[in-house]
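Comments concern the structure below.
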Amino acid sequence: GAVVSQHPSRVICKSGTSVKIECRSLDFQATTMFWYRQFPKQSLMLMATSNEGSKATYEQGVEKDKFLINHASLTLSTLTVTSAHPEDSSFYICSANRQEANSPLHFGNGTRLTVT
Amino acid sequence: GNSVTQMEGPVTLSEEAFLTINCTYTATGYPSLFWYVQYPGEGLQLLLKATKADDKGSNKGFEATYRKETTSFHLEKGSVQVSDSAVYFCALRSYRQAGTALIFGKGTTLSVSS
């Protein structure tokens, strides 16, 4: 069964509103989670690394004020797309892994965001 | 920097054909290598992995061997099925620690017809 749960799977919002996406590790604690963005027919681009109890680390070119990440507990990270615009429409995927070395990353099923 | 290059798709095959999807990487040190699969409308699933040179990962008839001398991790399957139609991503992780993200290739779309 799924070990990383992501919610919602789809969301449609109007320009200017904010949308929160949740990522939960179901049966393990994750001090680190990762947020990716996937454009149509393209690869997954790492947006940021979410660190429990501290600030997220953003990749170059990702606006931290637009994509707010909160990792308040060892099993939950949230990504909030603030003041969404149509160009933010994309597929967002979170991932996490167990603490052990060489542990593979498990991915959520993704969130399809459409901004109208 | 670290990067993954995989063959451009789409790859179109008939059922029972042999599949190869090429993947090469650039990385410092000794990365772990992965293949993930994304079926239509779904998230990513780990297909197989290899953590050191000459390791062979295998799952569901798919195989890939970690070749350090050629910095490659090509995905192969001897006889594809229609149900294998999906997007395949090659990926690497530079360090073995838990808190390191994956770097992905651009993905290769495989379409298998009966």
Side-chain angles (χ1 to χ4, degrees), chain A residues 1-7 9-10 21 23 25 28-54 56-60 62 71 74 77 91-112, chain B residues 1-11 21 23 25 29-53 55 57 59 64 66 86-111:
Chain A
V3 295
V4 174
S5 172
Q6 188 172 338
H7 178 80
S9 58
R10 291 179 180 273
I21 303 169
C23 181
S25 55
F28 64 95
Q29 294 180 333
T31 56
T32 305
M33 292 185 178
F34 305 98
W35 287 95
Y36 290 85
R37 181 174 180 177
Q38 185 179 27
F39 294 96
K41 299 184 186 297
Q42 293 190 30
S43 187
L44 289 82
M45 302 301 297
L46 179 65
M47 298 176 66
T49 302
S50 173
N51 304 300
E52 188 269 334
S54 64
T57 305
Y58 290 82
E59 296 300 302
Q60 190 173 9
V62 178
H71 195 150
L74 286 170
S77 174
F91 192 58
Y92 295 88
I93 307 175
C94 73
S95 67
N97 63 269
R98 303 175 193 275
Q99 298 299 309
E100 297 83 15
N102 289 330
S103 177
L105 280 175
H106 298 282
F107 287 82
N109 281 336
T111 298
R112 173 71 61 192
Chain B
N2 300 324
S3 66
V4 175
T5 303
Q6 60 183 105
M7 62 188 289
E8 297 280 335
V11 174
I21 301 178
C23 172
Y25 67 90
Y30 302 95
S32 296
L33 302 174
F34 305 84
W35 277 99
Y36 280 82
V37 57
Q38 186 177 32
Y39 296 102
E42 298 184 15
L44 286 170
Q45 299 176 28
L46 176 65
L47 181 59
L48 53 85
K49 67 174 182 176
T51 58
K52 61 183 188 296
D55 266 3
N59 185 26
Y66 189 144
V87 181
Y88 292 81
F89 294 94
C90 186
L92 71 80
R93 177 191 275 172
S94 292
Y95 302 102
R96 295 193 174 92
Q97 292 90 330
T100 306
L102 282 167
I103 305 298
F104 285 91
K106 292 192 173 185
T108 302
T109 299
L110 170 65
S111 179

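So that the names make sense, note that chain A is the first sequence line, chain B the second, and so on, each numbered from 1.
A 6.0 Å sphere centred on CE of B/M7 holds more than 12 heavy atoms belonging to other residues, nucleotides or ligands.
Heavy atoms of B/L44 lying under 4.5 Å from chain A belong to its backbone as well as its side chain. Heavy atoms of A/Q6 lying under 4.5 Å from chain B are absent altogether. Residue B/Q6: no heavy atom, backbone or side chain, is found under 4.5 Å from chain A. Proximity to chain B (any heavy atom under 4.5 Å) is restricted, for A/L46, to the side chain, taken from C-beta onward.
Using cut-offs of 30° and 60° for the angle between ring planes, the A/F28 and A/H106 rings count as tilted.
Listed by chain and number, the residues in a side-chain contact (heavy atoms from CB on, under 4.5 Å) with A/S43 are B/F89, B/F104, B/K106 (sequence neighbours excluded). Legend: residues meeting side-chain contact (heavy atoms from CB on, under 4.5 Å) with B/T109, ordered by chain and number and at least two apart, are B/P10, B/V87.
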